[in-house]
Amino acid sequence: MALTAAPSPAATTSTRTIVAPGARERRRPVGRLLWGIPSTIFTGALAIIFLYPLVWTGVASVSPQAGTSQTDGWGFGNYATLANFQSGIWVYLGNSLFVSLLTVTLTLLVSFFGGYAFARFQFPGKNLLFLSVLAILMVPYATLLIPLYVILNAVGLQNSLVGVALVLTMFQLPFSMFMMRISFESVPRELDEAALVDGCTSFGALWRVLLPAVKPGLITVGLFAFLTAWNDFIAPLILINDQSRITLPLAVANLRGQTMGVIDYGVTEAGVVVLALPCIVLFLILQRHYVRGFMSGAFKG
């Protein structure tokens with residue numbers, strides 16, 4: 001019987017390439033740099049594209065232009081004209097602020113308790129009711145304004161800022177209800193149970209435990225509601241007849257063509273700046289919570 005020699009360990013062991021730790025660490029920054037250059041160029045180009053109109057609007061509102069209120073040198077002549085237009089810019093700012101704050105308040109209240117109910121309770125027709133709320137998104141915004149005008153006239157809220165806020169709240173509810181439902185569903189139910197075991201009532205657990213947990217979602221809903229109500233044009237146009245009750249977007253639209261149909265671009269740009277500043281400041285303050293609010297439903301449990 002022939003005897004065969006056992007294979008040596010060197011023959012059975014596969015050859016491995018040993019990479020020094022320093023070389024691997026050197027390759028990672030190079031890869032990040034090569035990937036980061038086109039990414040930086042792309043994001044920088046996008047930033048320029050989006051920021052250029054805003055910067056151009058701000059410069060045009062104070063630069064000298066023929067046919068505007070600022071013809072000689074740089075100054076705030078266009079803003080002075082805007083401030084003295086008809087009832088005054090402070091009246092229109094107050095109207096816009098009232099409508100926006102009332103819309104935000106109503107939207108937060110309804111979506112907070114509605115989202116809590118949809119996320120935590122089981123009742124007959126729950127999904128059907130939620131789909132009915134979301135169905136508002138499928139109807140074009142402008143097509144509902146005439147029926148709503150008739151309804152508001154019947155209840156005495158036509159030509160009223162409260163009526164405008166109610167209409168804007170209705171159109172904010174689908175997104176807001178969806179946002180708050182996923183925010184509550186991302187919070188573990190064990191937190192509710194632990195709060196109840198510790199002696200909290202159902203409302204106490206909602207106020208002390210769940211409210212801080214869904215705060216980013218609430219801020220996102222409130223920010224969206226404010227931006228929509230602040231910039232909305234068509235609802236005040238249809239529902240408001242009194243010139244002293246119109247909002248700032250409608251006042252700027254009326255101002256731009258007040259002299260024999262000739263557009264006053266300088267005052268128009270000044271109005272755009274006044275409209276944009278509160279939105280920009282508010283978004284910069286709340287952007288951290290805004291991002292967290294959108295991420296709240298991404299990871300459940």
Side-chain angles (χ1 to χ4, degrees), residues 19 21-63 65 74 76 78-79 96 100 103-104 107-108 111 115 134 137 141 168 171-172 174-187 212-234 248-249 252-253 265-266 268-301:
V19 180
R24 183 178 300 173
E25 294 298 327
R26 284 194 298 270
R27 282 203 297 265
R28 288 179 181 176
V30 174
R32 292 174 183 173
L33 180 62
L34 293 177
W35 171 252
I37 291 176
S39 176
T40 303
I41 295 175
F42 179 72
T43 55
L46 282 180
I48 293 174
I49 292 173
F50 284 106
L51 289 177
Y52 176 76
L54 295 176
V55 175
W56 185 90
T57 299
V59 173
S61 66
V62 296
S63 62
Q65 300 180 50
W74 298 71
F76 297 95
N78 294 319
Y79 291 92
S96 292
S100 301
T103 301
V104 170
T107 302
L108 289 178
S111 62
L134 295 182
L137 292 173
Y141 174 40
L168 294 175
F171 286 106
Q172 282 297 303
F175 167 77
S176 304
M177 201 75 73
F178 175 77
M179 189 73 196
M180 292 312 303
R181 179 177 181 175
I182 63 174
S183 295
F184 278 109
E185 288 179 347
S186 65
V187 180
V214 300
K215 181 181 175 182
L218 281 173
I219 292 177
T220 303
V221 168
L223 182 59
F224 262 84
F226 180 85
L227 295 178
T228 301
W230 181 264
N231 294 297
D232 191 79
F233 175 82
I234 189 170
L248 188 57
V252 172
Y265 288 103
T268 302
E269 303 303 335
V272 171
V273 171
V274 174
L275 278 169
L277 276 178
C279 301
I280 295 174
V281 172
L282 193 62
F283 180 79
L284 291 177
I285 294 174
L286 301 177
Q287 62 173 336
R288 177 167 57 90
H289 301 283
Y290 170 80
V291 174
R292 288 179 57 194
F294 269 112
M295 292 297 295
S296 61
F299 306 100
K300 290 185 179 181

Can you check side chain to side chain contact (heavy atoms under 4.5 Å, CB included) on Tyr79 and Val274, steps first, answer last?
CA-CA 9 Å; Tyr79 291 92; Val274 174; 4.1 Å; yes

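- Of the possible polar contacts, one joining the Ser61 side chain to the Gly58 backbone as a donor-acceptor pair under 3.5 Å is found.
- Using bins of under 30°, 30° to 60° and over 60° for the plane-to-plane angle, the ring pair Tyr141/Phe171 lands in the perpendicular bin.
- Nearest approach of Leu218 to Leu108, heavy atoms of both residues: O-CD2, 3.3 Å.
- From Leu223, atom CG reaches atom CZ of Phe283 across 7.0 Å, with rounding to the nearest 0.5 Å.
- For the atom pair CG (Leu248) and CG (Leu275), the distance works out to 4.0 Å, reported to the nearest 0.5 Å.
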Stepwise side chain to side chain donor-acceptor pair (under 3.5 Å) check, Thr103 with Gln172:
CA-CA 9 Å; Thr103 301; Gln172 282 297 303; over 6 Å; no

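- Scanning both residues, Val221 and Ser176, for their nearest heavy atoms gives CG1-OG, 3.3 Å.
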Kindly list each side-chain donor-acceptor pair under 3.5 angstrom involving residues 42-52, sequence neighbours excluded, with atom names and distances?
unit_1, atom_1, unit_2, atom_2, d
Thr43, OG1, Ser39, O, 2.9
Thr43, OG1, Thr40, O, 3.1

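- Atoms CD1 and CD1, from Ile285 and Ile219 in turn, are 11.5 Å apart once rounded to the nearest 0.5 Å.
- In this structure, Thr107 and Phe226 have side chains that are not in contact, with every pair of non-hydrogen atoms separated by 4.5 Å or more.
- Here the closest heavy-atom approach between residue Ser96 and residue Trp230 is recorded as CB-CZ3, 3.8 Å.
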